[in-house]
Amino acid sequence: MEHSPQQLSISHCFEAPAEVIFQYWLDEKHAGKWLFTHPEGQLKHASFDARVGGRYRIVELRKGRELVHSGEYLQISPPHQLLFSLYPPVVQPEPDLVWITLRPMPFGCELTLTLQLYDQKRSTAKLVDDWTQLLMALAAELNNHPADFRPGVLLNERLN
């Protein structure tokens, strides 16, 4: 019997412009520090081939275990939409899908993260908590680099 996928959405407002937030999801220098990592974990490897069809892989050592998050970029539409698949560390035959939508706001932007979950047995409360912590890790990484989102200064301009 087929089940319809479970969907879950979380929104968060950032003071940084959408262009910067978008880059933080794709740039190895920054994403490797916060994306799918945990304060008690140690990042072992992060690679990002940020193009449609490109793959990403993040390996973290946590409590003596290697956790691998990986997937493929399915849509990259800067600076407003990003869609990628996600194979979480839990073994499952099909990936989850993650949509990132960024909407400009007068003070920065609003990020809406929508998950389409393959494994419907996972606790919704735990998922909301995990993804909220991930967005808080992104906010902390942004706070470590305030120059990245000064008006008129975009991260990708400085990387080129």
Side-chain angles (χ1 to χ4, degrees), residues 6-50 54-74 76 79 81-92 95-103 105 107-150 153-156 158-159:
Q6 177 183 358
Q7 284 200 346
L8 171 68
S9 289
I10 301 167
S11 293
H12 184 79
C13 293
F14 292 93
E15 291 181 6
E19 294 85 357
V20 171
I21 300 296
F22 194 87
Q23 286 292 325
Y24 268 63
W25 281 89
L26 300 173
D27 174 50
E28 262 181 55
K29 173 184 167 192
H30 293 291
K33 294 179 182 175
W34 66 271
L35 186 59
F36 305 124
T37 61
H38 191 273
E40 297 171 9
Q42 176 187 4
L43 180 66
K44 289 189 69 178
H45 173 77
S47 61
F48 298 84
D49 182 6
R55 301 192 61 79
Y56 67 91
R57 181 178 166 87
I58 299 165
V59 182
E60 180 185 37
L61 185 62
R62 192 182 313 162
K63 296 182 181 177
R65 279 185 37 210
E66 270 193 9
L67 300 177
V68 178
H69 290 84
S70 63
E72 179 180 347
Y73 295 106
L74 304 172
I76 300 176
Q81 284 204 312
L82 177 63
L83 170 62
F84 57 92
S85 63
L86 168 63
Y87 285 96
V90 178
V91 176
Q92 61 186 44
D96 294 334
L97 294 178
V98 180
W99 283 274
I100 305 297
T101 304
L102 295 160
R103 186 170 62 112
M105 303 290 280
F107 56 82
C109 69
E110 178 184 48
L111 181 150
T112 301
L113 183 145
T114 303
L115 303 167
Q116 181 174 305
L117 305 168
Y118 177 81
D119 177 6
Q120 298 181 22
K121 296 177 204 137
R122 291 179 278 175
S123 159
T124 301
K126 173 87 168 102
L127 283 166
V128 168
D129 186 51
D130 289 349
W131 284 94
T132 300
Q133 286 183 27
L134 181 137
L135 293 177
M136 294 300 98
L138 169 55
E141 181 63 14
L142 286 162
N143 286 338
N144 289 333
H145 302 279
D148 286 350
F149 55 98
R150 284 194 320 251
V153 178
L154 295 179
L155 176 65
N156 59 354
R158 284 196 318 284
L159 293 176

Give every residue pair that meets the salt bridge (Lys or Arg N to Asp or Glu O under 4.0 Å) criterion with at least one member in residues 137-146, sequence neighbours excluded.
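Found none.
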If you define the side chain from C-beta out and look only at heavy atoms, does anything of Trp131 sit under 4.5 Å from His12?
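No, too far: nothing below the 4.5 Å cut-off.
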So, do Gln6 and Thr124 sit near enough that their side-chain heavy atoms are less than 4.5 Å apart?
yes
Do Glu60 side-chain atoms and His38 backbone N/O form a donor-acceptor pair below 3.5 Å?
yes
Side chain of Thr112, backbone of Thr101: donor and acceptor closer than 3.5 Å?
no
Heavy-atom closest pair, residues [X] and [Y]:
X	Y	answer
Thr37	Arg62	C-NH2, 4.3 Å
Trp34	Ala137	CB-O, 3.7 Å
Leu86	Pro88	O-CD, 3.2 Å
Leu43	Gly32	CD2-O, 2.9 Å
Ser11	Glu110	CB-OE2, 4.0 Å
Ala18	Leu102	O-CD1, 3.6 Å

Derivation of the side chain to side chain contact (heavy atoms under 4.5 Å, CB included) call for His30 and Gln23:
CA-CA 9 Å; His30 293 291; Gln23 286 292 325; over 6 Å; no
For Leu82, which of Ile21, Leu113, Ile76 qualifies under side-chain contact (heavy atoms from CB on, under 4.5 Å)?
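With Leu82 as partner, Ile21, Leu113, Ile76 yield a single side-chain contact (heavy atoms from CB on, under 4.5 Å), made by Ile76.
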Only one of Ile10, Leu35, Asp129 clears side-chain contact (heavy atoms from CB on, under 4.5 Å) with Leu134; which?
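Only one of Ile10, Leu35, Asp129 forms a side-chain contact (heavy atoms from CB on, under 4.5 Å) with Leu134, namely Leu35.
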Enter the distance from [X]:[atom1] to [Y]:[atom2] here, rounded to the nearest 0.5 Å.
X	Y	atom1	atom2	result
Gln7	Asp96	CD	CG	11.0 Å
Lys44	Gln42	NZ	CD	8.0 Å
Asp130	Phe36	CG	CZ	10.5 Å
Gln81	Leu74	CD	CG	12.5 Å
Glu72	Leu83	CD	CG	10.0 Å
Cys13	Arg103	SG	CZ	7.5 Å

Does the pair Phe14 and Val20 meet the rule for a side chain to side chain contact (heavy atoms under 4.5 Å, CB included), with working shown?
CA-CA 10 Å; Phe14 292 93; Val20 171; over 6 Å; no
Taking CZ in Arg55 as the centre, count heavy atoms belonging to other residues, nucleotides or ligands within less than 6.0 Å. Is the count above 12?
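More than 12 within 6.0 Å, yes.
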Mind telling me whether Trp25 and Phe84 have parallel, tilted or perpendicular rings, with 30° and 60° as the class edges?
tilted
Kindly assign one of parallel, tilted or perpendicular to the pair Phe48 and Tyr56, based on the angle between their ring planes and the thresholds 30° and 60°.
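The rings of Phe48 and Tyr56 lie parallel, inter-plane angle below 30°.
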Kindly indicate, with the supporting measurements, whether the criterion side chain to side chain contact (heavy atoms under 4.5 Å, CB included) is fulfilled by Arg57 and Val68.
CA-CA 7 Å; Arg57 181 178 166 87; Val68 178; 3.4 Å; yes
